[in-house]
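The structure under discussion appears below in the form of structure tokens.
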Amino acid sequence: MRFGTAELLRDADRPNAWMLSVDGVAQSYVDLDDPTNLEFDYVRRLGDLVDFLPPGPLDALHVGGAGCSLPRYVAATRPGSRQLVFDADEPLIDLVREHLELRGVPKLRVRIEDGRAGVRSRHDATADLIVIDAFERATLAGGLATVEFVTDVARVLRPGATMLANISDGPGLRFARRFLATLAEVFPHVVLLAEPSVLRGRRFGNLVLAASRLELPTAELTRRAASSPYPARVVHGDELRQLRGKAAPVSDAEELPSPVPPDDVLGLF
């Protein structure tokens with residue numbers, strides 16, 4: 001694989017479900033019998049956000065594919081959706097096509113391309129949803145947290161559309177604060193979902209963010225997140241501005257790699 005050695009592991013409890021890992025770091029969980037079974041907590045939060053988008057099929061772009069868990073979920077819960085995935089790791093996508101029935105997902109196309117270049121190639125106001133979930137060896141792929149890239153994402157989104165992003169961070173949340181500042185530079189409405197101990201800086205973990213030009217359904221998200229098998233906090237408004245503090249947006253002029261998780265949590269993402 002371009003970014004490491006890939007491995008497929010069958011779920012002992014579900015004979016047609018698989019864990020895809022690269023260099024020992026879990027990348028995707030795919031249940032071929034039930035694509036709505038989202039095993040990873042952060043993917044479940046992304047799925048919850050998709051559920052609260054306006055009803056009907058979606059025109060969706062995904063930066064980062066691997067096993068394409070979320071595109072499969074969108075295809076199952078939003079029949080008729082048209083989806084395009086950008087992923088730079090051709091051998092990994094070939095593996096998924098061969099063993100995880102990727103070609104059978106309705107109206108899903110995968111293009112082997114860098115995510116920034118892929119988004120740049122899209123026409124203005126053509127997407128209802130853009131999802132950023134692209135990691136290289138457990139860190140967010142380069143250039144996906146900058147104002148320049150997020151501005152391009154906003155260009156491709158329709159006026160009422162939504163950007164979703166999965167990032168990871170640890171104590172201090174320095175990267176998350178910078179990324180929040182980046183999103184706030186472009187979008188007037190931003191929401192963050194994360195497990196409480198991650199928000200308190202007690203452990204390394206995933207944070208899911210949503211950004212839009214329109215107000216997001218924070219009350220509904222809060223109820224869903226509180227009752228989820230993976231309970232999460234929903235942070236928005238003044239509380240989110242307080243969390244962001246005086247952090248500055250990230251620009252293309254600087255290099256700010258996302259933090260590398262400690263060895264003892266590798267495989268949990």
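No experiment lies behind these values; they were computed from the predicted model shown.
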Handout entry: Selection residues 146-161 - residue pairs positive for salt bridge (Lys or Arg N to Asp or Glu O under 4.0 Å), sequence neighbours left out
Key = Asp59-Arg158, Asp124-Arg155, Asp128-Arg158, Asp152-Arg155
Practice task
Apply side-chain contact (heavy atoms from CB on, under 4.5 Å) to Asp133 and Val63, showing your working.
Solution key: CA-CA 6 Å; Asp133 186 16; Val63 176; over 6 Å; no
Completion exercise
Separation between OG (Ser212) and CG (Leu183), nearest 0.5 Å, reads 11.5 Å
Exercise for the section: Report yes or no: do Leu49 and Leu214 belong to one cluster of Ile/Leu/Val/Met/Phe/Trp/Tyr joined by side chain heavy-atom distances under 4.5 Å? Expected result: no
Atom pairs and distances, side-chain donor-acceptor, residues 14-22, under 3.5 Å, sequence neighbours left out:
| unit_1 | atom_1 | unit_2 | atom_2 | d |
| --- | --- | --- | --- | --- |
| Arg14 | NH1 | Asp31 | OD2 | 2.9 |
| Asn16 | ND2 | Asp33 | OD1 | 2.9 |

Exercise for the section: Test side-chain contact (heavy atoms from CB on, under 4.5 Å) on Val85 and Cys68 and set out the steps. Expected result: CA-CA 8 Å; Val85 174; Cys68 293; 4.2 Å; yes
Exercise for the section: Go through the structure and list residues passing side-chain hydrogen bond (donor to acceptor under 3.5 Å, both in side chains) with Thr36, not counting sequence neighbours. Expected result: Asp34
Problem - Heavy-atom pair of closest approach, residues Asp87 and Gly65 - result: OD2-N, 2.8 Å
Problem - CG on Leu209 to CG on Asn166, rounded to 0.5 Å - result: 8.5 Å
Fill in the blank from the handout: Nearest heavy-atom contact between Val30 and Ser69 is CG2-OG, 3.9 Å
Exercise for the section: Indicate whether the side chain of Thr146 and that of Asp252 have a donor and an acceptor atom separated by less than 3.5 Å. Expected result: yes
Practice task
Please name all residues satisfying salt bridge (charged side-chain N to carboxylate O under 4.0 Å, His left out) with Glu239, sequence neighbours left out, ordered by chain then number.
Solution key: Arg233
Problem - Heavy-atom closest pair, residues Ala248 and Ala181 - result: C-CB, 3.7 Å
Problem - Rounded distance (nearest 0.5 Å) linking atom CD of Glu220 with atom OG1 of Thr218 - result: 7.0 Å
Exercise for the section: Test Leu157 against Phe187 for side-chain contact (heavy atoms from CB on, under 4.5 Å), laying out the working first. Expected result: CA-CA 11 Å; Leu157 289 172; Phe187 292 101; 3.9 Å; yes
Completion exercise
In this structure, CG of Leu173 is separated from CG of Leu180 (nearest 0.5 Å) by 9.0 Å
Handout entry: Inter- and intrachain pairs under side chain to side chain donor-acceptor pair (under 3.5 Å), touching residues 240-249, at least two apart
Key = Asp238-Arg241
Problem - Within-4.5 Å side-chain heavy-atom neighbours: Ile167 and Asn206 - result: no
Exercise for the section: Hey, could you give me the CZ/CD1 distance between Phe86 and Ile93, rounded to the nearest 0.5 Å? Expected result: 12.5 Å
Side-chain polar contacts of residues 70-78 - donor-acceptor pairs under 3.5 angstrom, sequence neighbours left out - could you list them?
| unit_1 | atom_1 | unit_2 | atom_2 | d |
| --- | --- | --- | --- | --- |
| Arg72 | NE | Gly67 | O | 2.9 |
| Arg72 | NH1 | Leu100 | O | 2.9 |
| Arg72 | NH2 | Gly67 | O | 3.2 |
| Arg72 | NH2 | Leu100 | O | 2.8 |
| Tyr73 | OH | Arg44 | NH2 | 3.0 |
| Tyr73 | OH | Asp51 | OD1 | 2.8 |
| Tyr73 | OH | Asp51 | OD2 | 2.9 |
| Thr77 | OG1 | Tyr73 | O | 2.9 |
| Arg78 | NH1 | Pro54 | O | 2.6 |
| Arg78 | NH1 | Gly56 | O | 3.0 |
| Arg78 | NH2 | Val50 | O | 2.7 |
| Arg78 | NH2 | Leu53 | O | 3.0 |

Problem - Contact summary for Thr162 and Ala210, nearest pair of heavy atoms - result: CG2-CB, 4.3 Å
Completion exercise
Closest heavy-atom pair, Val250 versus Ala145, reported as atoms and distance to 0.1 Å, is CB-O, 3.4 Å
Handout entry: Test log, rule side-chain contact (heavy atoms from CB on, under 4.5 Å), inputs Val191 and Val208
Key = CA-CA 8 Å; Val191 171; Val208 169; over 6 Å; no
Completion exercise
Between the CG atom in Leu221 and the CG atom in Leu192, the distance rounded to the nearest 0.5 Å is 11.5 Å
Handout entry: Test item: Asn37 and Tyr29 side chains (from C-beta on) under 4.5 Å apart, heavy atoms
Key = yes
Practice task
May I ask you to test the Leu61-Val156 pair for a side-chain heavy-atom distance under 4.5 Å?
Solution key: yes
Exercise for the section: Answer with yes or no whether the hydrophobic clustering places Tyr230 together with Val198; edges join I, L, V, M, F, W, Y residues whose side-chain heavy atoms lie under 4.5 Å apart. Expected result: no
Problem - Nearest atoms (heavy-atom pairs only) where Gly64 meets Ala134 - result: CA-CB, 3.8 Å
Problem - Pairs touching residues 170-195 that satisfy salt bridge (Lys or Arg N to Asp or Glu O under 4.0 Å), sequence neighbours left out - result: Arg178-Glu254, Glu195-Arg203
Handout entry: With sequence neighbours excluded, residues passing salt bridge (charged side-chain N to carboxylate O under 4.0 Å, His left out) with Glu39
Key = none
Practice task
Answer yes or no: is there a side-chain heavy-atom contact under 4.5 Å between Arg202 and Pro196?
Solution key: no
Problem - Where at least one partner belongs to residues 92-104, residue pairs that pass salt bridge (Lys or Arg N to Asp or Glu O under 4.0 Å), sequence neighbours excluded - result: Asp94-Arg97
Exercise for the section: Mind telling me whether Phe40 and Tyr42 have parallel, tilted or perpendicular rings, with 30° and 60° as the class edges? Expected result: tilted
Exercise for the section: Please identify each residue that fulfils side chain to side chain contact (heavy atoms under 4.5 Å, CB included) with Ala60, with sequence neighbours left out. Expected result: His62, Gln83, Leu129
Problem - Neighbour count >12 (heavy atoms, 6.0 Å) for atom CZ, Arg82 - result: no
Practice task
Identify, with sequence neighbours excluded, every residue that meets side chain to side chain contact (heavy atoms under 4.5 Å, CB included) alongside Thr222.
Solution key: Val234
Practice task
Check side chain to side chain contact (heavy atoms under 4.5 Å, CB included) between Ala232 and all other residues, then give those that pass, not counting sequence neighbours.
Solution key: Arg45, Ala225
